[in-house]
Asker: 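One structure, as structure tokens, below. Some questions next.
These figures come from a predicted structure and were not determined experimentally.
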Amino acid sequence: MSKLNQGAHLSRRDFLTGSALAAAGAAAAGLLAPEAALAASAERRGDWTREGDPVAASDPSNTTNASAADGTYREHDAASFPANDATPIPPRDVPAAWDYECDICVVGAGGGGLNAAARACELGAEVICVEAMGLPGGNAQEAGMCGILGGYSGQEEKKFAFPSYPFSPQALTDWAMDEYHYAADPKLIYKIASEGGRSLDWMAECGVHWRLGEVPVYVAPKRSTLDHHVLKMKDATDAMYNYANRHGVDFHFQSPAAALVQDDDGRIVGVVVNEDYGNEKYIHAKRAVILTAGGFCNNKALLDKYIPTAAMGCASSYLTAGETGECFRMGLGVGADVSGFNSSASFDGGVDWQAEGGTWARFLYDGMTQLSRQPWLTIDRCGNRLRYMDSRVGEDGANAIYALGDLATIQMTPPGHRSYIIFDANYEDHLAGFAQEHCRKLITPDLEQIEKVPEHYRDWHHGVQDAIDADVLKRRDTLEELEADLGLAEGVLTEAVAKWNEACERGEDDFMYPMPPEWLHAITTPPFYGCRIGGNLYGTKAGLLINDQMQVVGTSGRVIPGLYAGWHTAGGACGENSYIGDPILGSLMGDVGLAFCGGYLCGTSAVENEMGEA
């Protein structure tokens with residue numbers, strides 16, 4: 001994975017200056033389906049707002065690295081995942097009678113679905129939007145801001161564009177294709193580059209109040225702050241829902257899609273939904289169906305098959321609203337091709353809850369997740385020190401933006417695909433001095449807009465105690481006990497700690513990538529703490545193959561008539577074999593911006609291609 005290199009390319013420092021903001025994406029705003037929905041899905045999904053909540057039996061933790069001791073892949077504990085099925089979902093035949101009629105049916109009411117529904121309705125289509133949850137917003141509402149490399153009006157006012165001003169979609173495409181090692185579709189990348197800014201300006205016309213960040217690559221809802229960005233994109237998704245609702249989109253909540261409907265000519269003409277999670281209803285989409293229900297971060301079988309790097313290297317997902325892959329499987333069921341094999345996007349600090357029988361999908365601002373993202377002594381299972389990537393924007397705003405994804409790669413690719421953080425009883429005394437910012441900042445009750453965070457997680461101590469109680473964060477009286485219970489060979493941990501303590505005593509780190517002196521804290525006071533971590537998965541970049549009109553393409557190489565897909569149901573936005581989705585942790589716009597843009601493009605193209613001048 002290349003970066004913004006020195007020499008032939010602009011450096012990271014040239015790319016971003018000043019205070020860099022952390023990547024878009026912060027999970028789970030507490031937007032849950034009503035009680036009936038939760039009751040219907042509790043056994044399958046678990047309840048991420050509860051304390052610890054171990055729900056699945058598992059092997060002893062010392063045998064649950066992602067790779068076994070002999071280096072072979074050890075399958076994840078499927079019971080920890082909300083879904084575990086990679087089989088295609090076959091289409092249904094046209095029914096004798098339809099329950100609902102519309103021009104376009106949009107599946108999913110997250111950021112992409114809201115934009116697709118609003119745009120199609122605005123252009124004259126009669127639209128039904130179905131959503132599995134009880135309220136709109138999906139995972140998009142849980143983000144803090146989105147990145148975009150140029151073309152948005154606010155950036156034009158500041159004369160900002162990348163790789164140079166004035167903004168050129170072709171120049172951005174050329175740069176991005178090199179970043180993606182030419183594994184992406186240049187027409188698709190060009191479409192994102194040319195329409196990304198337009199999609200954000202259109203959302204502003206619909207009522208989203210954007211503002212530009214101090215680093216002009218970032219756009220955020222008006223009320224968000226640079227100090228922290230917990231769940232503030234909800235302002236944007238709420239605005240888009242209100243716009244779509246006012247303009248006549250017919251929303252059907254608690255109605256997960258079950259299958260596509262395909263006629264004898266091979267055209268997609270409708271969707272089957274489970275209304276109120278039980279009653280099958282057939283929706284006739286006379287012109288098109290748009291799939292925008294997201295990817296499959298929480299489907300073990302799909303990850304194993306299509307993104308093996310994430311299946312091995314990621315220890316958790318923080319997308320708690322769905323992401324079980326049904327729309328992807330529906331596309332496969334009608335013959336869709338796949339794009340973006342082995343590509344995903346991750347943050348650092350994926351805590352291995354599922355190794356102890358806990359759920360795979362966790363709230364990003366869970367106190368244990370945030371604690372794991374601090375600059376502790378980190379080793380691999382051989383005892384080798386691992387580099388830490390600093391997110392203090394004051395040190396280097398350009399590097400800070402990449403720290404989150406780069407550290408994910410460092411943590412998810414060692415032998416065994418797990419890393420180990422170690423600290424002692426004095427850990428809380430060091431946190432202020434670490435000064436990690438944005439989505440690494442620990443949640444406290446005094447933060448702005450804290451009401452958007454589920455009550456249990458408004459104080460980071462609660463999540464840490466959950467982890468201790470579940471033995472996810474192991475607390476032991478001796479380093480030898482901790483070493484054994486983490487599954488490390490004798491001497492691996494104790495020797496690594498001894499070397500670390502020597503550096504702390506000197507006040508100077510001799511590691512290849514040294515910690516600053518203010519971060520050197522000896523590990524000497526019991527009890528001692530250790531935790532297994534990997535990547536923290538937040539986006540699958542493998543998905544249905546689409547063209548630059550957002551039309552789903554079949555394995556025959558031809559468009560499947562009547563079927564469109566937005567990211568992240570669609571794939572290929574950063575090519576193949578991309579571990580963390582760079583640049584900008586997503587594909588020119590960050591993950592939430594990519595969803596917004598994809599929905600806008602789907603709504604536009606579906607009306608133009610299927611309805612002409614509506």
Asker: Given Val289 and Gln262, is the side-chain contact (heavy atoms from CB on, under 4.5 Å) satisfied, shown in steps?
Answerer: CA-CA 11 Å; Val289 171; Gln262 190 172 36; over 6 Å; no
Asker: Are more than 12 heavy atoms, taken from residues, nucleotides or ligands other than Lys286, located less than 6.0 Å from that residue's NZ atom?
Answerer: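 Yes, because the 6.0 Å sphere around NZ of Lys286 holds more than 12 heavy atoms from other groups.
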Asker: Please name the pair of heavy atoms, one in Gly295 and one in Thr540, separated by the smallest distance, quoted to 0.1 Å.
Answerer: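 Minimum heavy-atom contact is CA-OG1, 3.3 Å.
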Asker: Applying side chain to side chain donor-acceptor pair (under 3.5 Å), run through Glu122 and Tyr243 and close with a yes or a no.
Answerer: CA-CA 10 Å; Glu122 178 184 71; Tyr243 180 86; 2.5 Å; yes
Asker: Check the angle between the aromatic planes of Tyr306 and Phe328 and answer parallel, tilted or perpendicular using the 30° and 60° thresholds.
Answerer: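 Correct class here is perpendicular.
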Asker: Using the side chain to side chain contact (heavy atoms under 4.5 Å, CB included) definition, which of the options Val351, Leu364, Asp348 pairs with Asn536?
Answerer: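 Output: one option passes, namely Leu364.
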Asker: Between the side chains of Gln551 and Asn547, does any donor sit under 3.5 Å from an acceptor?
Answerer: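 A pair is found: one side chain offers a donor N or O, the other an acceptor, under 3.5 Å apart.
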Asker: OG1 of Thr555 to CZ of Arg558: how many Å apart, nearest 0.5 Å?
Answerer: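 One gets 13.0 Å once the value is rounded to the nearest 0.5 Å.
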Asker: Sub-3.5 Å donor-acceptor pair from the side chain of Trp567 to the main-chain atoms of Asp591, do we have one?
Answerer: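 Side chain of Trp567 to backbone of Asp591: no pair is present.
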Asker: Determine the interplanar angle of the Phe81 and Trp360 rings, folded into 0 to 90°, and report it as parallel if under 30°, tilted if 30 to 60°, perpendicular if over 60°.
Answerer: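 Answer is parallel, since the angle falls under 30°.
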Asker: Just checking, is any N or O donor in the side chain of Asp235 or His209 under 3.5 Å from an acceptor N or O on the other one?
Answerer: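 There is no such pair between these side chains.
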Asker: Given Tyr318, which of Tyr457, Tyr365, Phe363, Phe347 fulfils the ring-ring contact (aromatic ring centres under 6.0 Å, His included) condition?
Answerer: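 Single pass found, and it is Phe347.
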Asker: Can we say Arg267 and Glu610 salt-bridge, meaning some charged N sits less than 4.0 Å from an Asp/Glu carboxylate O?
Answerer: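 So Arg267 pairs with Glu610 through a salt bridge.
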Asker: Would you say the side-chain atoms of Arg92 and Tyr282 include a donor-acceptor pair closer than 3.5 Å?
Answerer: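 Yes, Tyr282 and Arg92 have a side-chain donor paired with an acceptor closer than 3.5 Å.
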Asker: Got a second to check how far Gln155's CD is from Leu212's CG, nearest 0.5 Å?
Answerer: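 The distance works out to 6.0 Å.
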Asker: Using a distance-only test with no angle check, is there a side-chain donor-acceptor pair under 3.5 angstrom linking Gln549 and Tyr564?
Answerer: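 Side-chain D/A pair, Gln549 to Tyr564: absent.
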Asker: Determine whether more than 12 heavy atoms belonging to other residues, nucleotides or ligands lie under 6.0 Å from atom CD of Glu101.
Answerer: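 Counting other residues, nucleotides and ligands, CD of Glu101 exceeds 12 neighbours.
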Asker: Please find the pair of heavy atoms, one from Ser578 and one from Ser343, that lie closest to each other, and give the distance.
Answerer: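 Taking every non-hydrogen atom into account, N-OG, 3.0 Å.
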Asker: Could you check whether Asn298 and Thr324, counting side-chain N and O atoms only, form a donor-acceptor pair closer than 3.5 Å?
Answerer: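 Not at all, the side chains of Thr324 and Asn298 share no donor-acceptor pair under 3.5 Å.
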Asker: Does any pair with a residue in residues 329-341 pass salt bridge (Lys or Arg N to Asp or Glu O under 4.0 Å), and if so which ones, sequence neighbours excluded?
Answerer: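 Residue pairs passing salt bridge (Lys or Arg N to Asp or Glu O under 4.0 Å), neighbours aside: Asp85-Arg329.
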Asker: With no hydrogens and no angle check, do the side chains of Tyr100 and Asp250 hold a donor and an acceptor under 3.5 Å apart?
Answerer: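 The answer is no; no qualifying pair exists.
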Asker: Look up atom CE in Met550 and atom CG in Asn609, then write down how far apart they are to the nearest 0.5 Å.
Answerer: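 Here the rounded value is 12.0 Å.
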Asker: Do any N or O atoms from the side chain of Glu608 and from the backbone of Ser605 form a donor-acceptor pair under 3.5 angstrom?
Answerer: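 Not confirmed, Glu608 side chain does not pair with Ser605 backbone.
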Asker: With a 6.0 Å cut-off on the ring centroids, do Phe253 and Phe251 count as close?
Answerer: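 Yes, they do, as the ring centres are separated by less than 6.0 Å.
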Asker: Could you go through residues 125-136 and list every donor-acceptor pair under 3.5 Å that involves a side-chain atom there, pairing it with any protein atom two or more places apart or in another chain?
Answerer:
from, atom 1, to, atom 2, distance (Å)
Glu131, OE1, Ala109, N, 2.7
Glu131, OE2, Met133, N, 2.9

Asker: Can you name the residues that form a side-chain contact (heavy atoms from CB on, under 4.5 Å) with Ser194, not counting sequence neighbours?
Answerer: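 Per chain and number, Ser194 pairs via side-chain contact (heavy atoms from CB on, under 4.5 Å) with Pro169, Tyr190.
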Asker: Hey, are Asp185 and Lys191 close enough for a salt bridge, meaning a charged N less than 4.0 Å from a carboxylate O?
Answerer: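 No, Asp185 and Lys191 are not salt-bridged.
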Asker: Atom CZ of Arg119 and atom CG of Leu114: how far apart are they, to the nearest 0.5 Å?
Answerer: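 Reported to 0.5 Å precision, the distance equals 15.5 Å.
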Asker: Dump the intermediate steps for side-chain contact (heavy atoms from CB on, under 4.5 Å) on Val261 and Ile268, then the final yes or no.
Answerer: CA-CA 6 Å; Val261 180; Ile268 305 305; over 6 Å; no
Asker: Just verifying a value: how many Å separate Ser317 OG and Leu537 CG, rounded to the nearest 0.5 Å?
Answerer: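 The OG atom of Ser317 sits 5.5 Å away from the CG atom of Leu537.
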Asker: Quick one: SG on Cys297 to CG on Asn139, what's the gap to the nearest 0.5 Å?
Answerer: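 Rounded to the nearest 0.5 Å, the SG-CG separation comes to 8.0 Å.
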Asker: Do you know which two heavy atoms are closest between Ala184 and Gly572, and how far apart they sit?
Answerer: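 Answer, listing the atom of Ala184 first, then Gly572: CB-O, 4.1 Å.
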Asker: Tell me if a side-chain donor or acceptor on Thr569 pairs with a main-chain N or O of Gly294 at a distance below 3.5 Å.
Answerer: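 Flag set: sc Thr569 to bb Gly294 pair under 3.5 Å.
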Asker: Among Ile290, Val273, Leu291, Ile283, which residue meets the side chain to side chain contact (heavy atoms under 4.5 Å, CB included) test with Cys105?
Answerer: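 One option only clears the test, and that one is Ile283.
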Asker: Show the nearest heavy-atom pair for residues Ala176 and Ile189, with the distance to one decimal.
Answerer: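 Looking at all heavy atoms of both residues, the shortest contact is CB-CG2, 3.9 Å.
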